[in-house]
Visitor: 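The following block contains the structure, expressed as structure tokens.
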Amino acid sequence: MEISLLLEAVYQKYGYDFRQYSQAHIGRRVRNRMALSGINDISQIQSKVLEDKEFAYQLLQDLSITVTEMFRDPEFYKSLRKNVIPILKTYPFIKIWHAGCATGEEAYSMAILLQEEGLYDRTTIYATDFNQLALNRAKEGIFSNKVIKEYTLNYQLMEGKKSFSSYYTSSYDHVIMNQSLKKNIVWANHNLVTDSVFAEVNLILCRNVLIYFDHDLQNKVQKLFYNSLIGGGVLCLGSKESLHFSTLEEKYSVLDKNQRIFKKKY
Ligand SMILES: C[S@@+](CC[C@H](N)C(=O)[O-])C[C@H]1O[C@@H](n2cnc3c(N)ncnc32)[C@H](O)[C@@H]1O
């Protein structure tokens, strides 16, 4: 009840709507912020959110989990290459939407895959998130050296065709992704809960985002995806996400059950 009031306050004052996020996720993150800030009860956090803009934005950051990787779940990318690339090859122009792109690794992975398949020049990638800080980092395409070893391994596991290091320039403690990967990516702030259809696209990837939503909100966002996809378009979800609770399940055929890849029926 108190958390509901807190989320209502965040929505009324700042326009960010977390009211239908999973209670377990919100509860965990709010308790964590309370512990870090030495706050003992929820009513205190409510008034702090209303009075202290900086604190409110800190809480918004807490509620948006931006953990991501390049070529996250390499088997998924192998399946994309096998099952989805042949479909994309039939289109003269390709539009792809990464919904909830966090700091951009998924969009850069897609750009690499498309370059290797000779499709990148006819593709526009729309990479969206409601977290502007994450989007700013995504646009820069600068990643710490610490994660590059893991990204390289993922790339090798998905059977990338080149050396992963050919896609970036190394600097002292970080790498900068090649400009040729950035050129067809449009980064945009879009909130899946409060904003409408983004564009008409051939492929949507929304991985590891819907797990934070309750079933009604998942359904609502699934409708948004359905309306954004062309007939025959492809929807990719994360490994813990499915169309099971969606009223739209029968409007898709399954391209890869394990990798959660679905094709919109005509
Ligand atoms: C765990 S990351 C997933 C990143 C990437 N898709 C992946 O699978 O590696 C979840 C992202 O969803 C974003 N997100 C959460 N709620 C959102 C909303 N209502 N609208 C847009 N993005 C949202 C978060 O900001 C975060 O960047």
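Here the structure is a predicted model, which is why all the values come from computation and not from measurement. Read the numbers this way: they start at 1 and go in the same order the structure lists the ligands and their atoms.
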Visitor: For the residue pair Tyr108 and Trp187, categorise the inter-ring angle as parallel (less than 30°), tilted (30 to 60°) or perpendicular (more than 60°).
Guide: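 Tyr108 vs Trp187 ring planes: tilted.
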
Visitor: Write down, by chain and number, every protein residue that brings a non-hydrogen atom to less than 4.0 Å from an atom of ligand 1.
Guide: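 For ligand 1, the residues that come within the 4.0 Å heavy-atom cutoff are Tyr21, Ser64, Ile65, Thr66, Val67, Thr68, Arg72, Gly100, Ala102, Glu106, Asp129, Phe130, Asn131, His190, Asn191, Leu192, Val193, Arg207, Asn208, Val209, Phe213.
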
Visitor: For the residue pair Ser79 / Asp256, report whether a side-chain donor-acceptor contact shorter than 3.5 Å exists.
Guide: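 On atom types as modelled, these side chains qualify, holding a pair under 3.5 Å.
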
Visitor: Tell me yes or no: between the side chains of Tyr151 and Glu105, is some donor less than 3.5 Å from an acceptor?
Guide: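 Judged by distance alone, the side chains do pair up.
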
Visitor: Is NZ or CZ of Lys48 both nearer than 6.0 Å to the six-membered ring centre of Phe55 and within 45° of the ring axis?
Guide: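 Yes, cation above the ring, under 6.0 Å and within 45°.
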
Visitor: Return yes if a side-chain donor-acceptor contact under 3.5 Å exists between Asn154 and Glu69, otherwise no.
Guide: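 Yes, because at least one side-chain N or O of Asn154 sits under 3.5 Å from a partner of the opposite role on Glu69.
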
Visitor: Kindly assign one of parallel, tilted or perpendicular to the pair Tyr57 and Tyr14, based on the angle between their ring planes and the thresholds 30° and 60°.
Guide: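 Tyr57 and Tyr14: perpendicular rings.
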
